[in-house]
Amino acid sequence: MYKTDLQGSANDRPARPAVVQTEPADLVEAFEARVADDQFIEPKDWMPEAYRRTLVRQISQHAHSEIVGMLPEGNWITRAPSLRRKAILLAKVQDEGGHGLYLYAAAETLGTSREEMIEALHAGKAKYSTIFNYPTVTWADIGAIGWLVDGAAIMNQVPLQRTSYGPYARAMVRVCKEESFHQRQGYELTMAMAQGTAEQKRMAQDALNRWWWPSLMMFGPPDDNSPNTAQSMRWRIKRDTNDELRQKFVDVTVPQAEAIGLTVPDPDLKWNADKGGYDFGAIDWEEFYAVVRGEGPVAQERMAARISAWEDGAWVREAATVHAQKRIARSEAA
Ligand SMILES: [Fe+2]
Ligand SMILES: [Fe+2]
């Protein structure tokens, strides 16, 4: 049943009042009181179906984003310019695989299997972060991704360490530590290029130009067009709105660009002393929704790579299952 729910887009989802009304009022009330009291909800606790569905969708989308996110950077492992850069990039991409693993495991505690989630992804029914449907065209993109994409991920994920569902919150604690390393290595790489030859600096600027706006889109639609934010905030799945997090990201990142002599590609960017933050230009939401619909520059390529990885790995899964069964049989015989 959860698989079907993954088919919903970010805009047509759950909190169906009819379902909520049929749930025992005393249980709903006790659940809401626990959430309001900042207690974690654990897998065996009673929870409203809409809460469960929202979490399965959010956690599985997050898991898919981690593993699809391995692809644009994985592309560059063989072409890293030095052993040091190769070792860093290998570790980073491997971390993202680990993040996917923690998150699939957290989603499984809600009663959906990993196979169902993967199948939904491969069938094009599940979403993942649109940012990974952009290509990595030069080595400078590896810097921009770490600095901006992992930087935006941290903004989103730090508050999730206190999200109301226990397994999700605990997975985020470790994920955030690793994301912080990802952000720093990306910024350090970008800094090295910005201080390098004129051509290297031009590449760093070009990467910033291409990744800036998609990074701002990572926070999701604006608050006045994000119908589920209110319910997710009430259930403490979300702690900050999309626009609040986007503003924080801009405020932290603009001075980082200035410090290394790069220019954020936004002519409307201006410090606003009254609000204590930057004003910035309008985001092209048409582009965002086109990428959500799977029209991103390399969306097809990403899915083809995931599906062939899954199919090529079938023999490993089969062998591991047979091996596990033999071990159980041996220990039972002993
Ligand atoms: Fe990650
Ligand atoms: Fe990361």
Side-chain angles (χ1 to χ4, degrees), residues 55 57-77 80 84-108 114 117-118 121 126-136 139-163 165 167-191 207-208 210-212 214-220 237-239 245-246 248-249 252-253 256 302 305-306 309:
L55 276 169
R57 191 189 54 253
Q58 182 173 331
I59 301 173
S60 62
Q61 285 180 6
H62 192 163
H64 298 327
S65 301
E66 299 285 354
I67 57 160
V68 177
M70 297 168 78
L71 298 171
E73 291 178 291
N75 256 339
W76 281 91
I77 290 173
R84 175 174 176 266
R85 292 290 177 201
K86 192 193 287 269
I88 293 171
L89 185 56
L90 263 174
K92 199 253 186 203
V93 172
Q94 191 173 322
D95 283 353
E96 306 298 8
H99 297 173
L101 202 62
Y102 313 150
L103 288 160
Y104 284 124
E108 282 185 308
R114 181 149 0 150
M117 292 183 268
I118 301 269
L121 174 69
K127 303 275 187 272
Y128 55 88
S129 181
T130 58
I131 193 94
F132 303 118
N133 286 337
Y134 291 87
T136 40
W139 173 252
D141 290 35
I142 299 305
I145 289 182
W147 173 27
L148 304 172
V149 176
D150 292 88
I154 294 172
M155 283 296 165
N156 267 321
Q157 290 170 7
V158 163
L160 288 176
Q161 294 177 96
R162 293 183 303 118
T163 192
Y165 188 58
Y168 193 22
R170 288 188 288 275
M172 280 303 112
V173 174
R174 176 154 174 193
V175 167
C176 282
K177 287 191 179 128
E178 294 176 349
E179 293 302 355
S180 159
F181 153 65
H182 299 171
Q183 193 274 345
R184 282 156 202 234
Q185 65 82 34
Y187 187 57
E188 195 261 345
L189 195 169
T190 305
M191 188 184 334
L208 171 58
R210 285 180 290 104
W211 290 93
W212 175 254
S215 299
L216 295 195
M217 293 177 198
M218 280 177 72
F219 296 94
I237 294 173
K238 247 175 119 100
R239 293 277 181 168
L245 292 168
R246 188 165 15 244
K248 268 194 204 177
F249 175 77
V252 165
T253 311
Q256 291 172 347
R302 296 286 182 250
R306 281 308 319 162

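Count residues from 1 along the sequence. When a ligand or atom number is given, it counts from 1 through the structure's own listing order.
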Worksheet item: How many protein N, O or S atoms are found at a distance of less than 2.8 Å from the Fe ion (ligand 1)?
Response: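 Excluding waters, the total comes to 4.
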Discussion item. So does Val158 get a backbone contact from the side chain of Gln161, meaning a donor-acceptor N/O pair under 3.5 Å?
Written reply: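 Side chain of Gln161 to backbone of Val158: a pair is present.
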Worksheet entry | Donor-acceptor contact present, side-chain Trp76 to main-chain Thr136, <3.5 Å | yes
Set of salt bridge (charged side-chain N to carboxylate O under 4.0 Å, His left out) partners for [X], sequence neighbours left out:
X      : result
Glu73  : Lys92
Arg114 : none
Arg174 : Glu178

Worksheet item: Above 12 or not: heavy atoms from other molecules or residues under 6.0 Å from NZ of Lys86?
Response: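 More than 12 within 6.0 Å, yes.
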